[in-house]
Amino acid sequence: MKVKLKLYATLGKYLPAGAHRNEIMLDVADQTSVGDLLGAHNVPMASCHLILINGVYSAPANASAATLAEGDTVAVWPPVAGG
């Protein structure tokens with residue numbers, strides 16, 4: 001099945017070749033979890049502060065339980081600080 005992965009800020013370096021504007025469409029197996037998807041691209045979970053699945057917040061602690069479906073979009077941001 002196809003899903004879109006978007007990695008922002010410092011996480012963008014974990015996107016595979018062919019990514020454009022911090023996103024890429026990927027073929028993944030059925031029953032793939034967000035944790036599986038991120039792990040397959042060596043994205044460290046400790047760096048995943050905000051995860052959205054189709055625009056809906058998913059706690060990073062639940063990444064292994066959040067199963068993806070055809071056409072889902074996963075967007076991930078690292079912790080951000082500012083002043």
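Residues take their numbers from the sequence shown, with the count starting at 1.
Heavy-atom minimum distance, A75 versus Y8: CB-CE1, 4.0 Å. Taking both residues in full, the closest heavy atoms of S47 and P79 are given as O-CD, 3.5 Å, listed atom of the first, atom of the second, then distance. Contact between G71 and N54 at its shortest, heavy atoms only, is O-OD1, 4.3 Å. Considering all non-hydrogen atoms of both residues, S33 and S64 come closest at CB-O, 3.3 Å.
Around CD of Q31, the count of heavy atoms belonging to other residues, nucleotides or ligands within 6.0 Å does not exceed 12.
A 4.5 Å side-chain heavy-atom check between V80 and H49 finds every atom pair outside the cut-off.
Members clustered with L37: M1, V3, L5, L7, L11, Y14, L15, I24, L26, V28, V34, L38, V43, M45, I51, I53, L68, V74, V76, by chain and number, using a 4.5 Å side-chain heavy-atom cutoff among hydrophobic residues.
Atom-to-atom distance recorded for K4:NZ and E23:CD is 4.5 Å, nearest 0.5 angstrom.
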